[in-house]
Every structure is written in C-alpha cells, then in structure tokens.
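Working notes for the structure below.
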Amino acid sequence: MSSTDNSRLNGMATDSILVRAPADRPAARTWRRTTLNVILALCGLVLLYSLPVLKIPLIDTPQVSFASVLFYPIGIYVLLAIGLDMTVGRSGQLNLGYAALFAAGAYTTALLSTTLNMPYYATIVPAIIVAMALGLAVGLVSLRVSGDYFAIVTLGIGLVVQEVIANADFLGKTIGISSIPSPGPLLGLTFGPLNPEAYDWLLFSMIIVVCIVFALLYRSSIGRAWSAIRDDEGAAALMGVRTRRLKVLASMIGGAPAGLAGSIYAAQVGYISPGTFGLTLSILVLAAVVLGGRGRLAGVILGAVIVGYLPERFLALDKVHTLLFGAVIAIVMIFRPEGLLGAFDWRSLLRRSPAGSSGMGGATPRAAPTERSASVAAAVSRTRAPDDARHGDREGRKPMLAVDHARVAFGGVVALNDVSLTTMPGTVTSVIGPNGAGKTTLINAVTGVYRLESGRVLLGDHDVTHEASASRSLEGIARTFQNIRLFGKMTALENVMVAAEAKRRSTASRGREDHRDAAEEAWTLLREVGLQDLAAVCSDQLSYGAQRRLEIARALALDPKVLLLDEPAAGANTTEKRDLTRLIGNIAGSGRSVLLIEHDMRLVMEISSKVVVLNFGKVIADGSPEEIQRDPEVIAAYLGETRHV
Amino acid sequence: MLLIREFPSYTLIGLLLGAMYVFLALGYTLVYRVLKVVDLSYSATFAVGMFFAVALQGWWDPSSQGPWGVFLFCLATLALLGVVCVLIRLLVQWGVFQPMRNRGASNLVVVIASLGIYYVLQEAAGLWQGQDLLSYTLPFDNVVLFSVGGAQVKLVHVLVIAAALLTALAVGVWLQMTRFGKSVTAVAQDPIAAQLNGISVNAVATIVFGVTGVLAAIGSTLYMFFYTNTSYDVGLVLAVNGLIAALLGGMGNVSGAVVGSFLFGLIESYGAAVFGGTWQDVIGYIALVILLLVAPSGMIRERRELTRA
C-alpha cells in the first residue's frame, strides 16, 4: 500500500506549501516550517516522478507491473476525481455523468489530431474548452433540477453523450477513433509505446498544476463561497452569495480536469471508443471522491488511487476482485461516512494553537464580560455607518425599511395578513407576538425567502419586492436565523469572511480590495462580538451562545442598513443578555436600523423605540414600549394579565 | 412508416417493457419514499434471483410431469426466489441501511454504500454461475392467445402485464388502505415526528425492504419467462431503466412509478420504431432529460399526494 502513501504524501506536501503562516509567528519558526514544507514537497515530487521507473515488487499487480496501471486507471482517475469533486464536494451536487466530460476532451483531441493533423499540444486547450462547455451546460441544468433529480438527469446526459458517440459517423461510431498520433518530443522526452514513463511524467505534471490551481481557488473568496453553498445554500444566498452563478461556475471549472484527462488519455492509448466513457467510469470516479473524502484534495486523490489500484491488485484473486472492491466501498462508507480523509483535519496537527489575530497585534487575552462590552461599544461605533443614516432624518421621518400591506399565504393558511410596519435608522424596532404569529415569516418575507402575494417591501426609497435574496442582502438587508444556520464546516472567521467578500464583490470597487481586507474586517467584527479567540474554530464546534453571536457578526459583515435579528437572546444567560443588549444598542447607535424578534420582554422593552405586536399574521398593536404594555388587546393575546415586566 | 404499419406490435412491446420496469420502479420508489435514498443495490437482487431460477431448472425438470408439474414448478420458482430475494433485501437493510441511518450518514454516502453492495451481489452471482450468458427454458409452451392487428399476444405477455398491474394494485391498496400504509406515509412526511408518535422508522423500513424483495422475486421470475436468458451484469441496465421509470413518474410516488414505467416502455418502443433500434436507449434518456427540465420533480409530485393523504 506504499503507492497510496506516496501519492498522499505528495498531495499533502503540495497543499501545505499553500498554507499561509499566521503573521504573529516568530519569523524564524515560520521560515523553518516553510523550509520543512519545501523539503517534504521536493521529496514527494522525486518519489512521485520515480514511480514509473522504480520496480517495487510489493505494489506490482499480479498481471502487470505497477508502472503500467499508473497512467490508466490511477493517474486519469486522480485527475477526474479532482474535477468531479468541484461539483460533488465543493458545491454539493451529485453528478452521475462526469465521464461525458472526459469523453468530450478525449474526442476533441482525437478528432483534431487525426482529421486536422494538429500537434497534440495544440489540442489540449480545445479539449479543455469543450469539456468546460459541457460542464457549463450541466451547470445550467442544475439551476432547473436539483437533488436526486439532478443526479438522474446527469446520468441521462452521460448516457446520451455515450450513445451519440456510438451512433455518429464522424466520431467513428462504436468502432471509435484509432491511430491518434503521440505527442511530439517535450523537454527532451520522446513519447511513444517504448517509453511509457514519459506519459506518466506528463500526466503527473498536469495533476500537480491542476492541484495547485484548484487549491488556490478553494482558498480564494470564491472557494469560501462554494463551501458556504455546500454547507447551507439558502443561508449563503441570504449572506449575499450569488449561489446560482457560483454553482454554474463550479460545474464549468470542474469540467477542465476532465478535458485535460481526456486529451492526454487519447494521446497515450492512441485509440478511443465509446465503451470507455460509460456509466461505470462515472460511478467509479464518484466512488473515488466519496471514498477518499469529498471536499478535500488529498482525500480525493487518495480515493482515486485506491479505486484505480485496488481492483488491479485484487486481480490476483482472479474473479473476486470486483466483489472485494464493492465490499471495501460499502464497509468504508458504513464506518467512515465522511470518507477516509474526510473527518481528519491534518492541518490542525500543524497548527497547534488557534491562530492569532493576523495583523491585529497578536492574540488577545480572553476578555472579561465588562471589558468585552466596552470593546464592543468602541468597535461598533468605529464601523462605518450606512450613508442613508447620515443623510437620513434622525427625527425618523424617512424610514429605512418599510413593509407595506404585505400578505403571505401557504395554501389556505394566511401567515401574514396585510402587515405594514416601518423601521427608522438608528433605532430598534421589535416585533413580538405568540408562537405562530408570523414573526419569522415576516423576516423571511423581508429577506426574499418567501414571495409576497401582495404588498411591497421598501429599503429606503428602493422597492425590493421582486428581488432575489442575495440582491437584497447586498443592498443592505441582513439577518440572523432563529434556528442557527451557520456554515458548519467553516471556521468562525471564514463564516464572516463569506459575507464580507460577497459585499466586496458587489461594490463598485470590485477586485481592488484583496482578501486580506476582508479578513481584517472579519477580524474586527469577531472582536465586536467577542469571538476573536475562537476565530479558527469550526463553527459547528462553537457553543450555542457563541454561534448566535457569530451569526450577528456574519450579518454585520454585509454592512447592512437594516439588521433583522430572529430571537438572538434565545438560550442566553443574564450576563450574555446584558452583553447582547449593549451590542444591539451599539449597532443601532451606529445608524443602522434593527428589527428585533424576541420573547424576552425585559430586553425588548428596554431597547426598543417601537414595538409591533403580531397575532395570527396581523398587526394588533404598534407603538412605544409603554403604550404596548398598557394595550388591553396585547395583554389578552400575548403578555397576559400578570405582567412579566 | 414502420411505426404506423406495425403500431399494435410496437405498443405491445412497449407495454411489456413497461410491465418489466414496474417491478424495478416500484422497488426504487418504495425505498425512496421511506428513506429518501436511491438504493442502487436493488437491481442486483434481480440478477441473483434470476440465477436461482436457472439453478432450479438444473435441479428439477418438470417437462415430463404434465400441466400440474409445470404449475408446481412455477410456484416453486416464485417461492424459492421469494425466499432468496427477501433474505437479501433484509440483509441489505440490517447490514447497511439501518446502521447508516442510525449513524446519520448523508444520502450521498448511503447511495455509494449501496453501490458497493450492488457490486458484491452482482459479482457473487457471477462467481456462482459464471459471467457468460445463461439461457433458460420456458417450462410451458408460450402459445399465442390472440392477436390484435398483427400483434401476437402470447401467454407470457399476458402473464407479465397482468402480474405487473396486479402487483402495482396490491402495493397501492397496501399503502392506501392499511394501518401500515399510513405509517409509511407518516415516515415519508416526517421521520422524526413519526418516531415521536411511536412509529419505528427502522421497522417500517425493514418491512418495506422485505416487500421490495417480493417485488424482485416476481420481477426476476417474469424476466426469465419473457427473455429466457440473462447474465450476471443485467442489473446495470435494469437499474438505469428502473430509475428513469421511477423518476419520470416522480420518485417516492407509487402511482407515478407505474405510469412512468409504462410511459418509458412505450417511449422506448416507439422511439426504436421511428429512429431505428440502435437509438432505442437514447430516445428514452433524451425524453427523461427533457421531461425533468420541463417538470423538475417528475410528472406527479410527491407533495401533492402527501397533502391529499
């Protein structure tokens, strides 16, 4: 099994060069670590490139030498698995027709080099482009059909492509295309049947380039947005991520490795026929992705190596090899559902302490509650207030958010019936009411999760009634969720960065501000809510209270004009509630408008300048906290005879 | 034109294909209804069942035993396949699906695990009877019963179509009319709420898996009667066609699965008549892709059925 280890080692080493050292580390240590990584990477490279010529008896398969299965299936599977993981692992869509993209690349190279006599190297780019075009088409399909249905449509697409090839004259029908010329000499290497290792080296180089490009992509803001979509597509859209566009982009870019793999495969074997590009290949590559650990480059590579190598190795066992292969897949899935490398964060081994605040003056000691509140106050007031607030009428004549006769119904149930309310800049407006009164529905209607049957939602003077969630969030409506919806597999910092980067992408100065700015802004916001020490922790590992505060920080990263908080104090203790009260006060104090849904009457009455009471989807009262507490209808419907306050 | 000239024949072929798909589509749809997962291992059960049908013929030759002997032989085939297929399905449920559900594994992971089981079953069948085409001798004469406009309707044809319709009816009645059917609907709508109301999701799933075993037994018996040959890897084609049929009608929906099966069979048959035999598969897949693009959740939505129930 040492072949597996080699490849994994190499994958890890390639990755770890790209791990950016936190800035607060002593320079010497950083340097030492970088050197170590470079040495590891070089060793891995040397090992990898000597694999085709080494004669390692243990890993040789019974029928043929290990070197002969290195190109196909192992190397090709690796490239395909990396590409498929872009859709399956990163943006969470099950594609069962990926072999079609591989076929597109192979047939492009085969056609161009046989009919047009183009040299091999000139056919690589067209092969990639054709595969990406097909990936784009699949991505567009995903906008229409989702989940299991998308999986079956891609299965259909895969079968159609294969059948079209088998029936089209210019593609050689079932006989295929033969005598595809070998690539010309490159860097002193000649390609041909006599020196198969040249192909291995070329393929390895391609894999390394693809790995580096993909690793950089995954570390970029687009990569974070993909992760957010994978973790919670709905929440991602509400944080300003253009989910549709990014999913199509993932599908398209994910086609590139398939095109590349197809082109070199065609050149190496010299003969291609539709049988190679069937459902079995699609499924095997998918199995590789899931087996190794989707969403993780090293895992996907390991999975591909296993899926490529294991059946060949089991050939010694003659007829049972496929059976054993199936059993291995089932057993791994039962006992390691996240894949072999899925749940194992090897980066945590390298990073022993949680990362300090980069460029913010080192790690901050855990602040006492009062200190934290003070720093919150200072930090929130430092953040920019929205323009409208400065220009707006502080007397409250010009509302920031206006809901105008909104009606939402689900079948026969009217969840919101003719609801109108306004929020003023720099103030807190609270919505209270019994469970099922329509409070969360109101937030969902304002953020575009639900469509209004009638009525309007206005942000300032701008009618956003017909805009998508992502657009509304980017224009200044941000929210938190009653049932926490963080991006669970991402760190606290990354959660905030997703929103900050979405906002940055949308503003006019796009592209000018780099990732570091978004990171710094995210750091500031984490400090505001007192989470700076937990920035590097996966958000699903955070405590309940910390998750609620992280949601607020994430929403603030959109620099909203209106912030909708859905029961932020749920489950909080007295100290936390006091902190929260201050935080909300500061957010409003910076000129934003806050719409608060909360059951804690003390908090509501203390902080709000206006309270709206909903019952059965209708506004039954609307006024200052004092008026509301005296209103007989409100007392009957919600507050009860014995005052809570 | 071929299709118009021999319309009854192509219709008959389409209906027969559709009837075979009913047993597949029902199995996929039932498991999906309860667990919201596509069970890829299902069609491999058919291959194992067919191999047992062939094996039984090696152990018992009813040709000299008169009509009662043949009848008993057919019953024995069904019974043997019933035991084998139900056993396999229960083992798959207890060994794979139930532990994975208890661990909260995501759907994708369960699908891949079921793919592993698919290979295990298929290859086990191949080890036992070899990987070559296996032929089967129909135990009775396949007499022509009647003919409609040039289409000769034979005994097996009537058997296949009648069995498919009766099975579908039985499953439908079982789900609609019985207490157990209600708990299946409850689990389909909200497994957690069902659990809180005293319905064990695992128990419901186990019974449903058992029923899919019965479906596989009937389906593979009829397959052998109809095609009279099989091979160990027949499951792949069956899986693709059965899944498409289930999806055409709307996954998780019993009446949809039946309608989808016959529709898919007819599309394939008519497509082959119009475009030529080699295009038969493509027509079906293209129809599927187009239909799902137009109606992204199949022809009959599960939700509509649920609100009615």
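All values below come from the heavy atoms of this structure, side chains included, with hydrogens, waters and symmetry mates left out. Below, read A as the first sequence line, B as the second, and so on, with proteins coming before strands; counting in each chain starts at 1.
The shortest distance between side-chain heavy atoms of N241(B) and L24(B) does not fall below 4.5 Å. L84(A) is listed as a side-chain neighbour of N95(A), based on a closest heavy-atom distance under 4.5 Å. The closest side-chain heavy-atom distance from Y98(A) to V138(A) is not below 4.5 Å. Two residues are said to be in side-chain contact when any heavy atoms from C-beta on lie closer than 4.5 Å; K489(A) and D540(A) meet this criterion. Contact of the L284(A) side chain with the Y77(A) side chain is registered, since non-hydrogen atoms from C-beta on lie closer than 4.5 Å. Taking the side chain as every heavy atom from C-beta outward, Y450(A) and F410(A) approach each other to under 4.5 Å.
For a residue to count as touching a neighbouring chain, one of its non-hydrogen atoms must lie under 4.5 Å from one of that chain's; by this rule I286(B) touches chain A with backbone and side chain alike. The part of V290(A) that comes within reach of chain B is its side chain, from C-beta onward, which places non-hydrogen atoms under 4.5 angstrom from that chain. Heavy atoms closer than 4.5 Å to chain B are found nowhere in V332(A), neither backbone nor side chain. Looking at I283(A), both its backbone and its side chain come within 4.5 Å of chain B, counting heavy atoms on both sides. With a threshold of 4.5 angstrom between heavy atoms, L236(B) approaches chain A through side-chain atoms but not through N, CA, C or O. Of the atoms belonging to S106(B), it is side-chain heavy atoms, and not backbone ones, that fall under 4.5 Å from chain A. If you measure heavy-atom distances from F150(A) to chain B, you find no contacts under 4.5 Å at all. Using a 4.5 Å cut-off between heavy atoms, L155(A) contacts chain B through its side chain alone, with no backbone atom that close. Proximity to chain A (any heavy atom under 4.5 Å) is restricted, for V294(B), to the backbone atoms N, CA, C and O.
Judged purely by atom type and a 3.5 angstrom limit, S142(A) uses its side chain to pair as donor or acceptor with the backbone of G139(A).
The side-chain hydrogen bond (donor to acceptor under 3.5 Å, both in side chains) search around Y10(B) returns none, not counting sequence neighbours.
Ranked by heavy-atom pairs under 4.5 Å with chain B, the first of L291(A), V153(A), V160(A) is V160(A). Per-residue counts of heavy-atom pairs under 4.5 Å with chain B were compared for N167(A), V145(A), L279(A), V88(A); the largest is that of N167(A).
Note on ring orientation: taking the six-membered ring where Trp is involved, the planes of W128(B) and F51(B) are tilted (angle from 30° to 60°).
Applying a 4.5 Å heavy-atom cutoff, the residues of residues 93-101 of chain B that approach chain A are G95(B), V96(B), M100(B).
T154(A) approaches A151(A) most closely through the heavy-atom pair OG1-O, 2.6 Å.
Atom CD1 of I88(B) sits about 7.0 Å away from atom CZ of F52(B), to the nearest 0.5 Å.
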